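Data first, discussion second: the structure below is written as structure tokens.
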Amino acid sequence: MTANLEKDPNQISNMFDGVAKNYDLLNDLLSFGQTKRWRRIVTSIISPKPGMKILDLAAGTGSSSEPLRKKGADVTAADFSEGMLEVGKRKHPNLKFVKADALALPFANQSFDLVTISFGLRNTNDAEKALNEMHRVTKVNGKLVIVEFSHPTNKFFRNFYFRYLMKILPLLSRLFAKDSSAYVYLANSIKAWPNQSNLAKLLMKSGWQDVTWQDLTFGIVAVHIAQRSI
């Protein structure tokens with residue numbers, strides 16, 4: 001998959017099916033262990049509580065969902081990739097997994113207190129439609145937490161980072177993955193993704209209010225937080 005990023009849903013799903021078995025391990029290796037730190041910070045931002053109904057979209061194998069469940073929240077881990085779901089069910093048998101398309105969520109209006117999506121929004125072929133669907137299933141006064149790769153704020157570090165993405169990451173992925181195409185796609189999709197302020201504008205366009213964001217690791221990742229007020 002190249003930088004045109006015309007994201008065919010079946011192609012995306014098949015790509016993640018193919019890397020599901022070692023996905024979490026490879027992410028930890030290629031991020032130099034940062035994924036665990038990001039997950040701890042995001043769990044703290046979400047502040048899950050007993051009885052809180054949370055939808056975790058693009059949940060993959062459930063690595064982002066399990067910490068929320070352990071805090072007592074009622075978590076639904078949803079993903080479009082059957083391969084990811086199969087691995088997740090084995091790793092986290094106490095989690096509730098659901099196959100779901102972010103563009104047509106199989107949930108009633110205002111079903112959840114909070115919706116979160118980690119590193120999955122940029123993989124949809126219509127981010128605005130996905131945000132509209134998340135808005136629909138979130139309760140009034142509920143929240144949205146988006147965790148996504150973004151653009152480092154420092155110019156020199158940004159240049160180094162994008163060089164790593166486009167040149168070094170694909171090389172490293174070939175050492176650890178049987179099919180490195182997912183990580184070539186990863187690099188292309190991150191570089192083409194909107195920066196922090198442009199994603200905030202897209203959120204507001206989709207009806208979300210009180211949009212803020214927090215940069216992690218110099219802006220490699222940004223956590224956008226928004227509220228449904230009406």
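In this text the structure is predicted, and so the values were computed from the model without any measurement.
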- Message: Can you list everything that forms a side chain to side chain contact (heavy atoms under 4.5 Å, CB included) with A200? Sequence neighbours excluded, please.
- Response: V211, W213, H224
- Message: Could you tell me if the side chain of N154 sits less than 4.5 Å from the side chain of F218, heavy atoms only?
- Response: no
- Could you state the interatomic distance from NZ (K91) to CD (E86), rounded to the nearest 0.5 Å? 14.5 Å
- Message: Has D79 got a side-chain atom pairing as donor or acceptor with G60's backbone, closer than 3.5 angstrom?
- Response: yes
- Task: Could you tell me which residues satisfy salt bridge (Lys or Arg N to Asp or Glu O under 4.0 Å) with K129, sequence neighbours excluded, listed by chain and number?
- Result: none
- Correct closest heavy-atom pair for H151 and I190 would be NE2-O, 3.9 Å
- Start with the C-alpha distance between L57 and L105, add both sets of side-chain angles, then the distance that settles side-chain contact (heavy atoms from CB on, under 4.5 Å), and finish with yes or no. CA-CA 10 Å; L57 282 172; L105 294 173; 3.5 Å; yes
- Where at least one partner belongs to residues 206-230, residue pairs that pass salt bridge (Lys or Arg N to Asp or Glu O under 4.0 Å), sequence neighbours excluded: none
- Query: Where the side chain of S189 meets the backbone of Y185, is there a donor-acceptor pair that is under 3.5 Å apart?
  - Reply: yes
- Would you say the side chain of L144 lies within less than 4.5 Å of the side chain of I225, judging by non-hydrogen atoms? no
- Are T138 and L114 close enough that some pair of their side-chain heavy atoms sits under 4.5 Å apart? no
- Message: Just to verify, what does K49 make a side-chain hydrogen bond (donor to acceptor under 3.5 Å, both in side chains) with, not counting sequence neighbours?
- Response: S47
- Task: Could you tell me which residues satisfy ring-ring contact (aromatic ring centres under 6.0 Å, His included) with F160, sequence neighbours excluded, listed by chain and number?
- Result: none
- Where is the tightest heavy-atom contact between R158 and T153, given as atom of each residue plus distance? NH1-O, 3.5 Å
- Message: Does the plane of the ring in F119 sit parallel, tilted or perpendicular to the ring in F149? Use 30° and 60° as the thresholds.
- Response: tilted
- Indicate whether the side chain of T217 and that of W38 have a donor and an acceptor atom separated by less than 3.5 Å. yes
- Note on the structure: So CD1 of I41 and CD of Q34: to nearest 0.5 Å the spacing works out to 8.0 Å
- Gap between atom NZ of K89 and atom CD of E82 - 0.5 Å precision: 8.5 Å
- Listed by chain and number, what are the side-chain hydrogen bond (donor to acceptor under 3.5 Å, both in side chains) partners of T212, not counting sequence neighbours? none
- Task: With sequence neighbours left out, write down each residue that passes ring-ring contact (aromatic ring centres under 6.0 Å, His included) with F97, or none if nothing qualifies.
- Result: none
- Taking only residues two or more places apart in sequence, or in another chain, which ones meet N195 in a side-chain hydrogen bond (donor to acceptor under 3.5 Å, both in side chains)? S197, N198
- S206-E128 side chain donor-acceptor pair, cut-off 3.5 Å: no
- Could you pull out the closest heavy-atom pair between I54 and F112, with the gap in Å? C-CD2, 3.7 Å
- Message: With a 4.5 Å cut-off on side-chain heavy atoms, are L131 and I146 touching?
- Response: yes
- What's the shortest heavy-atom distance between L121 and A127, and which atoms? CD1-O, 4.0 Å
- Between OG1 on residue T35 and CZ on residue R37, distance to nearest 0.5 Å: 11.5 Å
- Given the rule in the side-chain contact (heavy atoms from CB on, under 4.5 Å) test, do L103 and T124 qualify, once you have shown the distances and angles that lead to the verdict? CA-CA 8 Å; L103 305 186; T124 67; 4.3 Å; yes
- Message: Counting C-beta onward and ignoring hydrogens, is there a side-chain heavy-atom pair between M52 and D74 closer than 4.5 Å?
- Response: no
- Message: List the residues meeting salt bridge (Lys or Arg N to Asp or Glu O under 4.0 Å) with R136, not counting sequence neighbours, and say none if there are none.
- Response: E133
- Message: List the residues meeting ring-ring contact (aromatic ring centres under 6.0 Å, His included) with Y161, not counting sequence neighbours, and say none if there are none.
- Response: none
- Here the side-chain hydrogen bond (donor to acceptor under 3.5 Å, both in side chains) pairs for residues 139-150, sequence neighbours left out, are D113-K139, R122-E148, S150-Q196
- Can you check side-chain contact (heavy atoms from CB on, under 4.5 Å) on L68 and I46, steps first, answer last? CA-CA 8 Å; L68 307 176; I46 291 173; 4.0 Å; yes
- Message: Rounded to the nearest 0.5 Å, what separates atom CG in L95 from atom OG in S63?
- Response: 10.0 Å
- Item | Set of salt bridge (Lys or Arg N to Asp or Glu O under 4.0 Å) partners for R69, sequence neighbours left out | E66
- Taking side chain as C-beta onward, heavy atoms only, is V223 less than 4.5 Å from V42? yes
- Verify side-chain contact (heavy atoms from CB on, under 4.5 Å) between F80 and L85, making sure each step is shown before the conclusion. CA-CA 8 Å; F80 192 56; L85 293 172; over 6 Å; no
- Which atom pair, heavy atoms only, marks the closest approach of P48 to T43? CD-O, 3.2 Å
- Query: Which atom names give the shortest non-hydrogen contact between T61 and H92, and what distance separates them?
  - Reply: O-CD2, 3.1 Å
- Under a 4.5 Å cut-off applied to non-hydrogen side-chain atoms, are H135 and V115 in contact? no
- Message: For a quick check under 3.5 Å, do T116 and D56 share a side-chain donor-acceptor pair by atom type?
- Response: no
- Decide whether R39 and S118 meet the rule of one side-chain donor and one side-chain acceptor closer than 3.5 Å. no
